[in-house]
K.L.:
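One structure follows; several queries about it will come next.
Here is the naming used below: chain letters follow the sequence lines, and residue numbers restart at 1 for every chain. Keep in mind that this is a model prediction, so the values were computed, not measured. Note that these values count all heavy atoms, side chains included, but never hydrogens, waters or copies made by symmetry.
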2 protein chains.
Amino acid sequence: MDATKEPAAHAAGCGCVLPAAAQGGPVSHALSRVARLHRTAAAGLLRGLGLYPGQELVMMHLWESGPARQADLIKMLGLDPSTVTKMLQRLEQAGQVRRLPDPADRRAVLVEATESGARLLTEVERVWTALEEESLAGLDPAEREQLLTLLGRVEANLWTRNAART
Amino acid sequence: MDATKEPAAHAAGCGCVLPAAAQGGPVSHALSRVARLHRTAAAGLLRGLGLYPGQELVMMHLWESGPARQADLIKMLGLDPSTVTKMLQRLEQAGQVRRLPDPADRRAVLVEATESGARLLTEVERVWTALEEESLAGLDPAEREQLLTLLGRVEANLWTRNAART
DNA sequence: ATACTTTTATTGGTCGGCCACGTAAAACGG
DNA sequence: CCGTTTTACGTGGCCGACCAATAAAAGTAT
């Protein structure tokens, strides 16, 4: 299993083949595959904590800012309002989150982590760093920084694109 | 540029903030966000073709190999069998795919694109190259190759990891 | 031929995520 | 003060994706 230098090195280590019709978007193809593998790995690690992938991001923001309005969470997560509503309903059902009416705005809802939810912080951090390390194994710090920077630029591109579609 | 005081460089262009609890996995965080934006963008482009994101990958493999067994699709896509079953049911309902019993194996199913499905090929290619270009705007060829290579290494890491979990 | 194991596909359930639509409250404008 | 947006959430529906459990056929012994 030597790490040879081939142009299609991205297909190394997996049985996948890049379909001809996808050759116009090789990075898109790789991104889709990596993201799904990454999410599946996260799911496996989070299952032990009773969380589903995506929920940990909500909890992170709640730990960060304390009680927050749902609208703020939506803005920070960049998700659809209905998605956040349902995730919070399930997190509340699971006892990780509490929802209170906002005294200053009768249509808003304040969300905060329960004690049970707060106890997940260190575990989630551990899982998150473990996943990062498994994902980036074999990449030196400079390469990790490069990847982060490149992903950031792609994110900016897609962000402005989606914003423009409004 | 290493260890500079620009920790949130990836957040440029979007209103997001990296939560403190996610600092152990900055690349994971960026990857999640980019992947979701990318998928949403793909959904918007594919909607005009009557496809949902993910379905175009199935079609690509069918265009590539002609009639294929479901098990082969599963292997090439790296998806769960039940996922492929349901996707094919919907693609069949939409008239893009036809399913025939395999004469050589009575439990297998042969899947092939219909004429309607075959007509989507050029459109899907156009959409994919457009999405690729919008995602990678501002990145020169060397940077795109770097990104592809780095994603490939991450994919290999996660692939072997998931395989090991069996 | 019989019994055991592997492969292939399906069903049912759950969750994240989106869209389209609806409702109630706040903010704005005349 | 009142009508009109705008904002904040919720519902229902749909799809991709996973897991768990099943059934049926094929393969492999014994």
K.L.:
Using a cut-off of less than 4.0 Å, is there contact between a side-chain N or O of B:Thr85 and OP1 or OP2 of C:dT10?
P.N.:
yes
K.L.:
Show the atom names and distances, to 0.1 Å, of all donor-acceptor pairs under 3.5 Å that link a side chain in residues 37-46 of chain B to residues at least two apart or in another chain.
P.N.:
from, atom 1, to, atom 2, distance (Å)
B:His38, NE2, A:Ser28, OG, 3.0
B:Arg39, NH2, B:Pro53, O, 3.1
B:Thr40, OG1, B:Arg36, O, 2.9

K.L.:
Ignoring backbone atoms, test whether B:Arg39 places a side-chain nitrogen or oxygen under 4.0 Å from the OP1 or OP2 oxygen of D:dG16.
P.N.:
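No, because none of the side-chain N or O atoms of B:Arg39 sits under 4.0 Å from OP1 or OP2 of D:dG16.
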K.L.:
Respond yes when some side-chain nitrogen or oxygen of A:Arg36 is under 4.0 Å from OP1 or OP2 of D:dC18, and no when none is.
P.N.:
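For A:Arg36, the contact criterion (side-chain N or O under 4.0 Å from OP1 or OP2 of D:dC18) is met.
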K.L.:
If I take atom CG in residue A:Leu46 and atom C1' in nucleotide D:dC19, what distance separates them, rounded to the nearest angstrom?
P.N.:
16 Å
K.L.:
Considering just the side-chain nitrogens and oxygens of A:Gln55, establish if one lies under 4.0 Å of OP1 or OP2 belonging to C:dC15.
P.N.:
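No, outside the criterion.
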K.L.:
Take atom NZ of A:Lys86 and atom P of D:dC14, then tell me their distance rounded to the nearest Å.
P.N.:
12 Å
K.L.:
Between atom NZ in A:Lys75 and atom P in D:dT7, what is the gap in whole Å?
P.N.:
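After rounding, the reported distance stands at 9 Å.
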K.L.:
Does a side-chain heavy-atom distance below 4.5 Å link B:Glu143 with A:Arg153?
P.N.:
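When only atoms from C-beta onward are counted, A:Arg153 and B:Glu143 do touch, with a gap below 4.5 Å.
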K.L.:
Tell me which residues in residues 88-114 of chain A put a heavy atom below 4.0 Å from DNA chain D, sorted by number, or none.
P.N.:
A:Gln89, A:Arg99, A:Arg107, A:Ala108, A:Val109
K.L.:
Please tell me which of A:Tyr52 and B:Thr40 maps to the more 5' nucleotide of DNA chain C, matching each residue to the nucleotide holding its nearest heavy atom.
P.N.:
A:Tyr52
K.L.:
For A:Leu136, is there any backbone N or O sitting under 3.5 Å from a side-chain donor or acceptor partner on A:Arg144?
P.N.:
yes
K.L.:
Taking for each residue the nucleotide of DNA chain C with the nearest heavy atom, is it A:Pro53 or B:Val84 whose nucleotide lies nearer the 5' end?
P.N.:
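Of the two residues, B:Val84 wins.
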K.L.:
Whole Å only: how far is the CG atom of B:Asp80 from the P atom of D:dA21?
P.N.:
14 Å
K.L.:
Is there a side-chain contact (heavy atoms from CB on, under 4.5 Å) between B:Thr83 and B:Ile74? Walk through the geometry before answering.
P.N.:
CA-CA 9 Å; B:Thr83 299; B:Ile74 289 166; over 6 Å; no
K.L.:
A:Leu79 CG to C:dC15 C1': how many Å, rounded?
P.N.:
13 Å
K.L.:
If each of A:Arg47 and A:Ser82 is mapped to the nucleotide of DNA chain D with the nearest heavy atom, which maps nearer the 5' terminus, i.e. the 5' end?
P.N.:
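Going by which nucleotide is closer to the 5' end, it is A:Ser82.
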K.L.:
How sharply is the helix from C:dA1-D:dT30 to C:dG30-D:dC1 bent, taking the axes over five pairs at either end and rounding to 10 degrees?
P.N.:
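Computed angle between terminal axes is 10°.
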K.L.:
In this structure, how many angstroms lie between the C1' atom of C:dA9 and the CG atom of B:Asp72, rounded?
P.N.:
13 Å
K.L.:
Base, sugar-phosphate, or nothing for B:Ile74, non-hydrogen atoms under 4.0 angstrom?
P.N.:
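Touches nothing.
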K.L.:
Is there a side-chain contact (heavy atoms from CB on, under 4.5 Å) between B:Leu100 and B:Arg98 once you walk through the steps?
P.N.:
CA-CA 7 Å; B:Leu100 311 166; B:Arg98 195 176 4 245; 4.2 Å; yes
K.L.:
Do side-chain atoms of B:Trp128 reach the backbone of A:Gly24 as a donor and acceptor pair under 3.5 angstrom?
P.N.:
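A pair under 3.5 Å: no.
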K.L.:
Within this structure, what is the CG-CZ distance for the pair B:Asp102 and B:Arg69, rounded to the nearest 0.5 Å?
P.N.:
6.0 Å
K.L.:
What do the steps show when you test A:Glu64 against A:Met60 for side-chain contact (heavy atoms from CB on, under 4.5 Å), and what is the final call?
P.N.:
CA-CA 6 Å; A:Glu64 184 81 5; A:Met60 285 178 185; over 6 Å; no
K.L.:
Report yes if at least one side-chain N or O of A:Gln70 is closer than 4.0 Å to OP1 or OP2 of D:dT7; otherwise report no.
P.N.:
no
K.L.:
Take A:Leu151 and B:Val27, measure what side-chain contact (heavy atoms from CB on, under 4.5 Å) needs, and give me the verdict at the end.
P.N.:
CA-CA 8 Å; A:Leu151 286 175; B:Val27 178; 4.2 Å; yes
